[in-house]
Amino acid sequence: MNTQTEKPIKERLFDLLYESLNEKQREAVYQVKGPLLVLAGAGSGKTTVLTRRIAHLIRFGDAVHASEAPLSDAERVALEEVLKARPVDRDLLIEILKGFAVEPCEPWQVLAITFTNKAAGEIRARLEAELKEAANEIWAGTFHSICVRILRRYITLLGYQSDFSIFDADDSKKLITSILKDLNVDEKALSPREVQNEISRAKNAMRTPEEFAARGSVDFFSKTVSEVYTVYNQRLFESNALDFDDILCKTVSLLENFSEPRDYCQNRFRYVLVDEYQDTNPVQFRLVQLIAAKHRNVMVVGDDDQSIYKFRGATIENILTFDQSYPDAKCVYLEQNYRSTGNILAAANAVISHNRERKGKKLWCDAENGDKLQYFRLGDQEEEASFLVDRIAALVRDGKCEYRDCAVLYRVGAQANALESVFAKSGLPHRQLSGLRFYDRAEIKDILAYLCVVQNPADDLHLLRIVNLPRRGIGDTTIAAARAIAQTESKTLFSVLNSADQYPELSRASARIKEFCNLIAIFIEARDRVSLSELFSKVMDESGYTAMLEAGGKETAEKLDNIRELVSSAIAYEEQHEDATLAGFLEEAALISDIDNYDESANAVVLMTIHSAKGLEFDYVFLPGFEESIFPSSRSWDSDAQLEEERRLAYVALTRARKGVTITTAATRLIYGHTTYNPVSRFAEEIPPELLEGDPIKKLQREGLFQKADAHFAGEIRPARAIAEKTLAPRRPGIRQTTVAGQAQKAKEVFGAGARVVHPMFGAGTVLRATPMAQDMLYEIAFDEVGTKKIMGNYAKLTKE
DNA sequence: CACGCTCTGCCTGCG
DNA sequence: GCAGAGCGTG
């Protein structure tokens with residue numbers, strides 16, 4: 001009868017169910033009631049904890065911590081048998097443990113919030129594997145998708161119509177540009193981008209235009225921004241549109257001001273789980289607080305050391321002060337890393353320990369120390385790139401890994417071009433991510449703009465984009481006149497155009513305007529009658545857009561492909577949703593922004609920014625451009641907070657690697673059209689030297705490459721690029737030559753037709769043709785194994801067979 | 001009204 | 001180094 005002896009059996013049974021988790025992970029899963037903060041280091045299995053905890057809530061509720069009815073002796077004996085049985089019958093175990101369930105929750109009472117669609121998709125996939133159909137009822141989505149669902153239901157309370165449009169960052173920038181023009185603000189004095197950032201920051205900090213104006217000093221900047229902010233919100237409202245920030249803000253104001261949506265959410269969501277909590281901003285914090293206010297079962301998972309989005313409004317304070325917002329919060333640290341080798345972790349720990357603003361975690365692992373981290377200084381960015389090519393080729397050739405296990409991660413997108421062109425010439429299979437995202441491509445936005453107008457003719461902004469695309473003789477003067485009329489009569493642009501013949505200013509183009517309006521009317525009429533994909537082809541053909549692209553040359557072929565891709569995504573959408581509507585598709589398009597941007601099945605080296613690599617992992621990580629002024633960015637030099645954010649980014653970069661990290665710098669780098677000479681990043685210096693091999697780090701600085709280097713650490717840094725350029729020799733002799741797998745060898749050897757050569761990747765082959773090109777040779781080589789390829793001599797390091 | 005040329009300015013970027 | 005914006009001309 002005494003629970004003392006029975007409890008262990010139950011707990012032992014649960015421990016058996018979660019035997020693949022470590023003790024801390026289990027602790028987080030079992031902690032069901034009340035607020036819970038999980039500080040999960042890189043590679044500590046946080047997604048696993050999150051998804052298994054959800055399954056646990058649904059199956060067992062608070063079974064572990066609640067006390068249960070006493071067991072009979074027979075039951076206890078039976079359970080002991082189950083405990084001993086091997087192999088473990090998981091399904092049976094789950095069924096048995098369900099007997100201990102205490103207030104298990106329904107799937108639809110669980111809300112799991114992530115930042116990216118990718119993360120949401122991963123959670124959903126894992127839940128489905130675990131819970132089958134029940135998983136479909138769980139609300140798992142991004143902040144934005146969840147808010148949109150709430151808004152569609154309740155936004156009429158705020159005076160919007162429930163079929164509101166969503167403006168992406170590009171749309172809102174355009175709108176801001178046009179407002180700046182209307183207000184006669186010189187773009188040089190105040191760039192649209194700056195204003196956009198400021199407005200976005202204000203919205204994310206939950207400041208209205210009035211508050212912004214009241215709080216701000218009366219300087220030109222704040223005054224203008226608050227003015228633009230006011231007009232911007234008005235225009236959005238008139239267009240029945242929300243920008244990305246509104247999606248969150250409007251949801252918060254709905255929940256704050258109206259009891260119906262608030263009660264609905266608070267009653268419904270017994271359990272709220274938030275992933276990547278370190279990236280939340282004040283609005284998101286408030287949202288979570290509001291939704292979880294009633295049941296207070298809120299679990300947040302994050303890593304303060306991986307907070308790298310302060311620049312877009314995230315406040316690391318949300319995670320640092322979670323225990324102040326919820327004084328009864330439990331806190332679990334997940335510090336065991338299952339990803340990286342000991343040396344990599346030691347290096348990452350050493351770097352991040354230089355930050356002051358942190359909770360303080362130390363990752364550890366059972367894995368071996370593994371290889372040391374490598375550092376190499378190359379001559380210029382092309383040497384750097386071809387060095388990486390050689391290294392990766394060697395790794396793959398030696399069977400250490402495949403191409404897909406290697407990632408080249410850089411700080412700024414501008415580094416990508418140089419890397420990409422060298423990779424392309426070398427023939428190394430690679431893919432560059434984080435370039436232009438799919439839905440950001442002009443042709444995609446064009447077609448979507450048509451559809452937005454068809455869905456919501458009040459959407460002036462998208463109307464403006466397509467009214468003269470393809471060219472149909474409705475030019476800037478006509479549009480300006482029509483917009484002026486719309487403004488004075490406070491009508492939408494479309495309604496003015498619709499009655500163009502009534503306005504003498506529009507008479508000249510009135511026939512063409514009429515034709516355009518008819519076109520849109522036909523589309524609108526077709527909207528609810530034909531299928532989504534039919535509507536698509538109707539719009540593309542009858543608007544003349546397809547014809548315009550077909551008339552174009554080489555580049556437009558790719559655009560047509562992209563549009564076809566869009567059509568197939570519409571078809572896929574139709575297949576997935578029985579009641580597929582245009583509105584639904586547009587919403588998905590606005591919120592998804594990228595179609596599966598990282599296809600892990602392709603066997604190719606990945607090139608991307610460190611930011612976009614967050615959450616991913618690779619065997620071998622290459623970090624080119626580990627230089628002062630690039631990383632940390634020179635913009636961060638004068639602020640400790642920004643430097644710490646850069647350091648966290650370095651921590652993220654290092655912890656992406658499972659087996660190997662290679663850091664490189666270039667003595668000379670051409671970036672943004674300027675040549676720069678940067679010393680090695682302070683972050684590389686923060687890695688204990690005994691963990692590094694390759695080129696010496698300190699020595700290069702002492703040689704005077706960058707004399708003020710030591711000043712960085714005193715914090716009095718102001719090394720102007722100009723000074724550096726004057727004081728430094730353009731290129732030092734004796735800089736490491738690019739080598740194949742470490743063996744010294746000059747690349748300059750020239751081969752004639754008929755020569756037998758060996759390529760690091762393609763193996764042996766015969767030169768068919770050698771054509772001099774610039775200061776290089778273009779070889780056409782018939783390889784014995786992989787066929788004939790064209791290769792640039794300077795990039796592919798050919799050797800004599 | 002449309003097209004082509006020059007000029008400038010640039011981090012990172014989810015939804 | 002490249003893209004988008006602005007300006008001038010046919």
Side-chain angles (χ1 to χ4, degrees), chain A residues 113-120 141-148 166-174 177 181 187-188 191-194 196-197 200 203-204 242-248 251 275-276 279-281 283-284 307-314 381 409-418 420-421 433-437 439-440 442 468-480 508-509 512 587-594 597 608-615 625 629-637 642 645-646 648-650 652-653 669-675:
Chain A
I113 315 179
T114 64
F115 274 84
T116 63
N117 289 301
K118 190 175 173 0
T142 61
F143 271 102
H144 290 84
S145 71
I146 284 156
C147 287
V148 167
I166 297 167
F167 279 13
D168 67 17
D170 207 50
D171 297 331
S172 68
K173 192 172 168 193
K174 283 217 169 78
T177 311
K181 229 171 249 157
E187 255 194 44
K188 272 157 215 138
S191 75
R193 193 195 156 91
E194 225 175 324
Q196 185 186 21
N197 281 337
S200 173
K203 285 189 175 183
N204 284 324
L242 302 185
D243 66 18
F244 281 133
D245 301 320
D246 284 339
I247 290 175
L248 305 178
T251 310
D275 194 14
E276 304 278 12
D279 290 333
T280 50
N281 62 35
V283 188
Q284 288 158 336
S307 157
I308 54 174
Y309 286 113
K310 191 173 185 176
F311 73 90
R312 70 181 191 209
Q381 79 272 11
L409 309 179
Y410 36 83
R411 174 66 181 80
V412 287
Q415 289 172 258
N417 289 329
E420 213 278 333
S421 70
L433 298 186
S434 84
L436 204 50
R437 294 178 307 169
Y439 283 102
D440 285 344
N468 200 28
L469 193 97
R471 299 269 124 97
R472 46 172 74 89
I474 306 174
D476 295 342
T477 8
T478 311
I479 294 302
R508 244 175 30 134
R512 286 170 293 210
E587 179 180 313
E588 190 163 293
L591 293 181
I592 284 185
S593 84
D594 216 340
N597 65 4
M608 64 179 130
T609 63
I610 301 170
H611 281 93
S612 43
K614 195 172 80 154
S629 95
I630 292 181
F631 195 15
S633 149
S634 50
R635 292 165 187 244
S636 68
W637 283 352
Q642 288 183 55
E645 175 138 318
E646 296 277 312
R648 291 192 291 270
L649 192 58
V652 168
R669 182 179 301 277
L670 185 67
I671 197 162
Y672 299 126
H674 279 283
T675 304

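Below, chain A is the first sequence line, B the second, and so on; all start at residue 1.
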Grab the [atom1]-[atom2] distance between [X] and [N] for me, whole Å please.
{"X": "A/Trp637", "N": "B/dC11", "atom1": "CH2", "atom2": "C1'", "value": "14 Å"}
{"X": "A/Phe631", "N": "B/dC11", "atom1": "CZ", "atom2": "C1'", "value": "12 Å"}
{"X": "A/Ile592", "N": "B/dG13", "atom1": "CD1", "atom2": "P", "value": "20 Å"}
{"X": "A/Lys614", "N": "B/dC14", "atom1": "NZ", "atom2": "C1'", "value": "9 Å"}
{"X": "A/Phe244", "N": "B/dG13", "atom1": "CZ", "atom2": "P", "value": "15 Å"}
{"X": "A/Arg193", "N": "B/dC10", "atom1": "CZ", "atom2": "P", "value": "8 Å"}
{"X": "A/Arg411", "N": "B/dT12", "atom1": "CZ", "atom2": "P", "value": "8 Å"}
{"X": "A/Ile247", "N": "B/dC14", "atom1": "CD1", "atom2": "C1'", "value": "12 Å"}

From [options], nucleotide with atom closest to [X] side chain:
{"X": "A/Arg635", "options": "B/dC10, B/dC14, B/dG13", "result": "B/dC10"}
{"X": "A/Asp245", "options": "B/dA2, B/dT12, B/dG15", "result": "B/dG15"}
{"X": "A/Ser633", "options": "B/dC14, B/dC11, B/dT12", "result": "B/dC11"}

Nearest-0.5 Å distance, [atom1] of residue [X] to [atom2] of residue [Y]:
{"X": "A/Ile610", "Y": "A/Arg648", "atom1": "CD1", "atom2": "CZ", "result": "14.0 Å"}
{"X": "A/Asn117", "Y": "A/Ser145", "atom1": "CG", "atom2": "OG", "result": "7.0 Å"}
{"X": "A/Ile166", "Y": "A/Ile247", "atom1": "CD1", "atom2": "CD1", "result": "4.0 Å"}

Just jot down the ring-ring contact (aromatic ring centres under 6.0 Å, His included) partners of A/Phe167, sequence neighbours excluded, or say none.
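A/Phe167: ring-ring contact (aromatic ring centres under 6.0 Å, His included) contacts with A/His462.
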
Do the rings of A/Phe311 and A/His611 sit parallel, tilted or perpendicular, given the 30° and 60° boundaries?
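Aromatic pair A/Phe311/A/His611 classed perpendicular.
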
Take A/Glu645 and A/Ser145, find for each the nucleotide of DNA chain B with the closest heavy atom, and name the residue whose nucleotide sits nearer the 5' end.
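Residue closer to the 5' terminus by nearest nucleotide: A/Glu645.
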
Which sits closer to the 5' end of DNA chain B, A/Leu591 or A/Ile474, going by the nucleotide each is nearest to?
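Closest to the 5' end, via its nearest nucleotide, is A/Ile474.
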
If you look at every heavy atom in A/Lys203 and A/Val283, which pair is closest and at what distance?
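Distance-wise, the nearest heavy atoms are O-CG2, 3.3 Å.
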
Tell me if a side-chain donor or acceptor on [X] pairs with a main-chain N or O of [Y] at a distance below 3.5 Å.
{"X": "A/Asn468", "Y": "A/Gly473", "value": "yes"}
{"X": "A/Glu645", "Y": "A/Lys310", "value": "yes"}
{"X": "A/Asp171", "Y": "A/Asp168", "value": "yes"}

Kindly give the atom pairs (protein nitrogen or oxygen, nucleotide nitrogen or oxygen) under 3.5 Å for nucleotides 1-10 of chain C.
| unit_1 | atom_1 | unit_2 | atom_2 | d |
| --- | --- | --- | --- | --- |
| C/dG1 | O6 | A/Tyr672 | O | 3.2 |

State whether A/Asn117 places a side-chain N or O below 4.0 Å from either non-bridging phosphate oxygen (OP1 or OP2) of B/dC14.
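No, because none of the side-chain N or O atoms of A/Asn117 sits under 4.0 Å from OP1 or OP2 of B/dC14.
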
Show each protein N/O and nucleotides 3-9 of chain B N/O combination with a separation under 3.5 Å, one pair to a line.
| unit_1 | atom_1 | unit_2 | atom_2 | d |
| --- | --- | --- | --- | --- |
| B/dC3 | OP2 | A/Arg471 | NH1 | 2.7 |

Per-residue pairing states of DNA chain B in dot-bracket (Watson-Crick or G-U under 3.5 Å; . unpaired, | other strand) read ||||||||||.....

Going by an N to O cut-off under 4.0 Å, is there a salt bridge joining A/Arg312 and A/Asp279?
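Looking at A/Asp279 together with A/Arg312, the answer is no, because their closest N to O distance does not fall below 4.0 Å.
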
With sequence neighbours left out, what residues match A/Glu420 under side chain to side chain donor-acceptor pair (under 3.5 Å)?
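Partners of A/Glu420 under the side chain to side chain donor-acceptor pair (under 3.5 Å) test: A/His430.
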
Residues forming a side chain to side chain donor-acceptor pair (under 3.5 Å) with A/Asp170, sequence neighbours excluded:
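So A/Asp170 forms a side chain to side chain donor-acceptor pair (under 3.5 Å) with A/Lys445.
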
